[in-house]
Protein chains: 2
Amino acid sequence: MKVTRAQAQANRQAVVEAAGRLFREHGVKGVGLAELMGAAGLTHGGFYKQFGSKDELVAEACGVALAAGPLKWTRIAEAAGARREAPLAALVRHYLSPAHRDHIGKGCALAGLGPDAMRHDASLRPRFEEAVRAHAEVIEHALPPSGASADDALATLSTMVGALLLARMVEDEAFSRRILDAAAARVLDPAAERTA
Amino acid sequence: MKVTRAQAQANRQAVVEAAGRLFREHGVKGVGLAELMGAAGLTHGGFYKQFGSKDELVAEACGVALAAGPLKWTRIAEAAGARREAPLAALVRHYLSPAHRDHIGKGCALAGLGPDAMRHDASLRPRFEEAVRAHAEVIEHALPPSGASADDALATLSTMVGALLLARMVEDEAFSRRILDAAAARVLDPAAERTA
DNA sequence: ATTATCTATAGATCTATAGATAATGC
DNA sequence: ATTATCTATAGATCTATAGATAATGC
């Protein structure tokens, strides 16, 4: 019933990762400790050897999930740059894709955890604030170099997060895609007017 | 212990309204039936004389809260038109205000209920879809008449909802306002570039 | 007589803890 | 000997129901 110290560390990490996924999928209050530990292949009794409380795990899972976003975005932007594609276009194609919309468990933590985790524990706000800044910074560097600004990046981030959330609320697949596409078009060329 | 039929109807309505507010503030899973009935001045035992289940109340509360949005927006747009103010400017000034950000219980149900209610019961999706369409339609009518389109309205709605949610995740008041203002500027004049 | 509401509680579930167990690590 | 994990359970809370109560409405 005991495992190596390395295995225990890996188990702990598995719990944090399962939490990040399950909290995004079902909400913090929608996942019990037993289900959570079970998803990591453990029983619920061992939980408190690894974490002080559920809230503590929530904070850690949010931290890990939020940090993954800008890392992934930077990789996408750099890969695009290497192909001589506009970095923002690559970012947006990924973020506003049906695949991202349908995989909330592995998707953007700002959209997938923010509204729920915030209600569960307002003391997480600094963590989310830092993540908003980090996400916006990646966008700012990905914007076309002409007068690009931090405010443009914040507006762009708002459009992306909002469209993802709205697309997830919608039943009709065609309408959902239209939300994603309209937001992508606005973000990639804010000046253009689009006709219905 | 019995009340008039009219009072019973008013009590029922009070429960639905309290639910709409409390679900937005604490999430569906964050409010118990006892707290809910208490907020309407009743005890929890009487709940099932009025509603078949908690899920049934969730659906009704979402319906009422979602319908209120476009109604309010239409009133704001029409009042602005009467003053010869641009309707979209009036809408945005209301939606992206610190007051709206800070009063989630009475605020936009797409932002305040959507992400949470969706997870709690996916069968609510048609209700939310209808609400997305209705909100977008008000925006479409409020857009400047030149080539305005349904896609422009969807992108604008995405920016507004996303900015409200991000502004609510942020601790620093100045940064939170900056998110709201950057989104407002983008929505009111998409073509403009903003300098930091 | 009907019924809206209340008191009381059953049954399920959730967080957290206690004590046992068995493999690691000194 | 230490400790990561397991089994078992305490205590709280939540949804839902049962039966009592008292005022309405025919």
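Only a predicted model underlies this, so the values are computations on that prediction, with no experimental measurement involved. Just so we're on the same page: letters track the sequence lines, and every chain starts at 1.
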Salt bridge between A:D151 and B:R186, side-chain N to carboxylate O under 4.0 Å?
-> no

Stepwise salt bridge (Lys or Arg N to Asp or Glu O under 4.0 Å) test for B:K29 and B:D116 = CA-CA 9 Å; B:K29 292 238 171 69; B:D116 185 64; over 6 Å; no

From the list A:Q50, A:R127, A:R12, side chain to side chain donor-acceptor pair (under 3.5 Å) with A:E60 holds only for A:R12

Nearest-nucleotide check on DNA chain C, A:G52 vs B:Q7; residue mapping nearer the 5' end is B:Q7

Map A:S53 and B:A8 onto DNA chain C by nearest heavy atom, then report which one ends up closer to the 5' terminus.
-> B:A8

Chain A vs DNA chain D, heavy-atom contacts under 4.0 Å, first-to-last nucleotide span, 5' to 3', is D:dT2 to D:dT9

Salt-bridge criterion met for A:E137 and A:R133 (N-O under 4.0 Å) = no

Output the distance between atom CG (B:L166) and atom CZ (B:R101), rounded to the nearest 0.5 Å.
-> 12.5 Å

Determine the interplanar angle of the A:Y95 and A:W73 rings, folded into 0 to 90°, and report it as parallel if under 30°, tilted if 30 to 60°, perpendicular if over 60°.
-> perpendicular

Heavy atoms under 4.0 Å, any strand shown: does A:G32 hit a base, just sugar-phosphate, or nothing?
-> sugar-phosphate

Residue whose nearest DNA chain D nucleotide is more 5′ - B:R5 or A:R12 | A:R12

N-O pairing of A:R177 and A:E173 below 4.0 Å | yes

Can we say B:R93 and B:E85 salt-bridge, meaning some charged N sits less than 4.0 Å from an Asp/Glu carboxylate O?
-> yes

Under 4.0 Å between any heavy atoms, over every strand shown, what does A:K54 touch: base, sugar-phosphate, or nothing? Just pick one.
-> sugar-phosphate

Note: for B:K2 and B:G30 on DNA chain D, the residue whose nearest nucleotide lies more 5' is B:G30

Determine the contact category for B:T4: base if any of its heavy atoms lies under 4.0 Å from a base atom, sugar-phosphate if only primed atoms, P, OP1 or OP2 are that close, otherwise nothing.
-> sugar-phosphate

So what does the secondary structure string of DNA chain D come out as, 5' to 3', with Watson-Crick or wobble pairs under 3.5 angstrom, [ ] for crossing and | for pairs with another strand?
-> ||||||||||||||||||||||||..

